[in-house]
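One structure is given below, encoded as structure tokens.
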There are 2 protein chains.
Amino acid sequence: MNVTGHTRRPASIRDVATAAGVSYQTVSRVINGHPSVRPSTRERVLAVIDELGFRRNATALALASGRSRAVTVLTANTTHYGYASILRGIEEAARAASYAVGIGVLESADEPAVAAEVQRAADASGGLIVIAYDPAGVRALAAVPAELPVVGVVETPTSPPGGDRPWVWTDDREAAHEATRHLLSLGHETVHYVAIPSSTRRTGARTTGWRQALQEAGAPEPRPVQGSWGPAGGHAAGLRLAKDPSVTAILCGNDDLALGVLRALHETGRSVPGDVSVAGFDDAPHSAYLTPSLTTVRMDFTGLGRAAFALLHGVLEESAPIAPHPVSVPELVVRESSGPPQAGG
Amino acid sequence: MNVTGHTRRPASIRDVATAAGVSYQTVSRVINGHPSVRPSTRERVLAVIDELGFRRNATALALASGRSRAVTVLTANTTHYGYASILRGIEEAARAASYAVGIGVLESADEPAVAAEVQRAADASGGLIVIAYDPAGVRALAAVPAELPVVGVVETPTSPPGGDRPWVWTDDREAAHEATRHLLSLGHETVHYVAIPSSTRRTGARTTGWRQALQEAGAPEPRPVQGSWGPAGGHAAGLRLAKDPSVTAILCGNDDLALGVLRALHETGRSVPGDVSVAGFDDAPHSAYLTPSLTTVRMDFTGLGRAAFALLHGVLEESAPIAPHPVSVPELVVRESSGPPQAGG
DNA sequence: GGCATGAATGTGACCGGTCACACAAGGCGC
DNA sequence: GCGCCTTGTGTGACCGGTCACATTCATGCC
């Protein structure tokens with residue numbers, strides 16, 4: 001292809017039309033698979049399309065048709081495992097549907113900054129997926145103008161922050177419930193919790209699940225320790241908890257926090273799982289290789305991302321059926337970091 | 001704003017023009033800051049723009065002007081720390097320049113699959129940034145049509161795979177050199193290397209730096225062990241190396257590999273750094289919190305991403321000066337996992 | 001006072017597609 | 001043989017901007 005050498009502008013449908021001896025509208029019909037085109041004509045046009053290396057101009061298509069075949073993901077974070085995996089799932093599904101994926105990072109949770117990002121994203125694409133696991137994301141979801149198609153990836157479906165917007169989620173509450181039950185079943189009197197920042201100022205879904213499991217077991221309910229997202233926050237929280245000798249089991253809001261907690265316990269001379277059991281959340285790739293390897297709850301973030309895109313896709317093209325909000329089921333993975341409390345605990 | 005309630009289509013420049021009693025061209029001049037508009041007219045138009053909530057349609061702008069103010073990042077990976085951080089840097093710089101950022105994942109390194117992704121990216125944006133640390137990325141960079149602006153993020157600047165395309169890089173060779181020297185200076189007879197998959201089939205920059213340091217010190221040159229990207233590969237490599245009692249120092253191509261190596265050494269009863277010293281690459285967020293904490297080389301991935309965008313920005317807008325390829329300097333971070341060999345080595 | 005000059009503004013075509021509609025030719029029923 | 005429907009194709013307007021050029025009007029200069 002490109003035999004003529006000094007080809008500058010890519011071929012348009014009118015170029016193809018001229019070369020094939022038909023009108024541009026006929027070319028348009030061919031590339032859109034319109035039925036009423038004589039087979040011989042279609043063949044000829046297709047041949048010219050191939051010869052000229054014609055590709056339909058996405059910008060012109062978007063302008064003329066009003067739909068852009070592009071979605072933008074708004075997220076506060078791109079490097080954390082969970083967020084990055086969701087993004088990966090979205091991209092995967094979008095690629096399969098020939099959609100372009102844009103990304104916008106919510107650097108700050110400031111109202112004006114968030115609004116600006118939402119605007120930027122709205123300008124660039126026909127639909128939005130907002131990862132609303134944190135205050136910035138929640139605010140962004142709320143700031144999306146009503147007429148713009150959007151799907152939220154939210155922490156919990158009860159009283160969704162975006163009103164009646166479609167959303168996807170994983171059952172974090174149940175997952176936390178299960179992990180807590182696991183630790184209790186090993187014989188621990190109670191389970192302490194190091195929390196990730198919640199999407200709302202009130203308690204998040206993971207905190208709720210943990211608390212419910214304690215209540216059901218009649219175990220004492222310690223105050224959750226506030227962590228951040230990263231290992232540094234877990235480390236600080238771990239140092240605080242290590243001071244209390246009655247602490248024998250710690251559930252962490254994610255694996256990064258758990259890593260920090262493990263480190264803090266190591267530094268203070270408490271063995272895991274001998275003195276203290278630790279469980280995380282997410283099953284990040286490194287968790288299986290830590291020493292001790294980390295008991296955690298595996299979340300299907302990639303599947304969550306795919307589901308989010310599928311939902312948005314359904315909204316954008318009436319043709320595509322809108323799947324019911326799919327709930328992926330988290331799975332407890334028991335590893336070395338959890339075990340029964342020591343006799344002399 | 002949006003007082004009228006049932007506003008449907010967003011306002012266009014002609015809507016603004018009508019409301020302000022001027023022609024659409026005058027509105028265009030105002031939003032583009034053209035000098036020859038009477039101040040009173042400008043005021044009036046700006047007021048109407050504000051009142052109608054007018055935003056310039058990015059699609060129409062792209063179609064009419066030919067430039068799209070959007071770049072697409074092609075990468076084989078979105079979840080690994082290094083890749084994700086580069087992406088973050090790109091997004092940051094793009095946001096500052098009011099550019100949209102798209103993302104395309106190279107799921108396979110197959111020639112046709114890669115070509116299809118490049119096409120998709122080309123359709124969606126005016127410029128590409130290709131992360132060419134791996135075969136898929138290298139192939140993608142080579143497949144970019146000559147007329148499309150592109151910047152490569154490459155492993156090593158010598159004989160760049162993309163020909164005369166602009167590129168950015170960090171000095172991985174020098175970084176590996178420094179890390180190896182560090183281990184040798186502790187008294188180790190030699191340093192073994194667990195390699196990441198290189199961008200080319202031949203030796204990568206990190207391997208070269210490691211080898212050079214060994215040669216300069218007159219140390220024996222063991223064969224590098226081939227790892228993959230993740231901890232699983234490091235674990236397998238670590239088990240192999242652990243069999244050899246003469247191994248006292250291991251340099252790993254990245255922190256994930258190092259994590260797997262640490263785990264393998266633990267499983268085989270070798271202490272770190274007592275029996276074996278381990279060093280990684282990248283300084284991922286969790287590396288400081290491992291037990292033992294990981295000696296590694298900190299790479300400024302975010303800065304690298306910013307530089308990549310700056311370069312592409314310069315190419316896309318003649319106005320923006322094309323900065324010289326900036327080399328960010330990696331920094332050795334010494335932690336617990338490296339120390340002198342035991343006397344009875 | 002006539003005219004070149006530049007500032008301020010408007011008009012028409014265009015970017016590359018889509019959409020609504022017009023129109024010619026062929027098959028069928030009556 | 002006429003009308004009518006269907007099939008295949010072409011024409012003009014439009015999406016929302018930009019660009020090149022035309023036009024109007026107030027100045028400044030000789």
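These numbers come from a predicted model, not from an experiment. By convention in this document, chain letters (A, B, ...) are assigned in the order of the sequence lines, proteins followed by strands, and residues within each chain are numbered from 1.
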Hey, are the side chains of A:Val22 and A:Val16 touching, using non-hydrogen atoms and a 4.5 Å cut-off?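 They are not in side-chain contact.
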In plain terms, say whether A:Glu117 and A:Arg120 are close enough for a salt bridge, that is, a side-chain N and a carboxylate O under 4.0 Å apart.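 Yes, charged N to carboxylate O under 4.0 Å.
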Taking 4.0 angstrom as the limit, do A:Arg69 and A:Glu317 come out as a salt bridge?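 The answer is yes: the pair qualifies as a salt bridge.
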Contact class for [X] vs. all strands (heavy atom < 4.0 Å): base, sugar-phosphate, or nothing?
X       : answer
B:Arg55 : sugar-phosphate
B:Thr41 : sugar-phosphate
A:Leu61 : sugar-phosphate
A:Arg29 : base
B:Arg67 : nothing

Distance-minimising heavy-atom pair for A:Val315 and A:Pro149: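 Closest pair (atom of A:Val315, atom of A:Pro149, distance): CG1-CB, 3.9 Å.
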N/O donor to acceptor pairs below 3.5 angstrom from side-chain atoms of residues 41-49 of chain B, sequence neighbours left out:
| from | atom 1 | to | atom 2 | distance (Å) |
| --- | --- | --- | --- | --- |
| B:Arg42 | NH2 | B:His34 | O | 3.3 |
| B:Arg44 | NH1 | B:Ala20 | O | 2.6 |

Among B:Leu148, B:Leu141, B:Val73, find the one that has a side chain to side chain contact (heavy atoms under 4.5 Å, CB included) with B:Leu128.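 Between B:Leu128 and the candidates, side chain to side chain contact (heavy atoms under 4.5 Å, CB included) is satisfied uniquely by B:Leu148.
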Apply the side chain to side chain contact (heavy atoms under 4.5 Å, CB included) test between B:Ser28 and each candidate in B:Val30, B:Asn32, B:Thr26; give the one that qualifies.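 For B:Ser28, the side chain to side chain contact (heavy atoms under 4.5 Å, CB included) test succeeds with only one of B:Val30, B:Asn32, B:Thr26, which is B:Asn32.
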Ring pair (Phe, Tyr, Trp, His ring centres under 6.0 Å) partners for A:Phe309, two or more places apart: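 Scan of A:Phe309 (ring pair (Phe, Tyr, Trp, His ring centres under 6.0 Å), adjacent residues dropped) gives A:Tyr99, A:His313.
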Find the distance between CG (B:Leu304) and OG (B:Ser85) and round it off to the nearest 0.5 Å.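 One gets 10.0 Å once the value is rounded to the nearest 0.5 Å.
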In Å and rounded to the nearest 0.5 Å, what is the CD1 to CZ distance from B:Ile31 to B:Arg55?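 So the CD1 of B:Ile31 and the CZ of B:Arg55 are separated by 11.5 Å.
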Whole Å only: how far is the CD atom of B:Glu43 from the P atom of C:dA8?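 To the nearest whole Å, that distance equals 14 Å.
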Roughly, in whole Å, what's the span from NE2 in B:His34 to P in C:dA8?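 The answer, rounded to whole Å, is 9 Å.
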Selection: residues 12-25 of chain A, any non-hydrogen atom under 4.0 Å of DNA chain D: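 Going residue by residue through residues 12-25 of chain A, the ones with a heavy atom under 4.0 Å of DNA chain D turn out to be A:Val22, A:Ser23, A:Tyr24, A:Gln25.
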Can you pull the contact range of chain A along DNA chain D, 5' to 3', using atoms under 4.0 angstrom from its heavy atoms?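 Endpoints of the contacted stretch of DNA chain D: D:dG8 to D:dG16.
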Terminal axes of the helix from C:dG1-D:dC30 to C:dC30-D:dG1 (five pairs each): angle between them, nearest 10 degrees: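 Axis-to-axis angle, ends of the helix: 50°.
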Hey, which of these two, B:Pro39 or B:Ser65, hits DNA chain C nearer its 5' end, going by closest nucleotide?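 The 5'-side residue here is B:Pro39.
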Would you tabulate the side-chain donor-acceptor contacts of residues 59-67 of chain A under 3.5 Å, counting partners in other chains and residues two or more places apart, or write 'none'?
| from | atom 1 | to | atom 2 | distance (Å) |
| --- | --- | --- | --- | --- |
| A:Ser65 | OG | A:Leu61 | O | 2.7 |
| A:Ser65 | OG | A:Arg67 | N | 3.3 |
| A:Ser65 | OG | A:Arg67 | O | 3.3 |

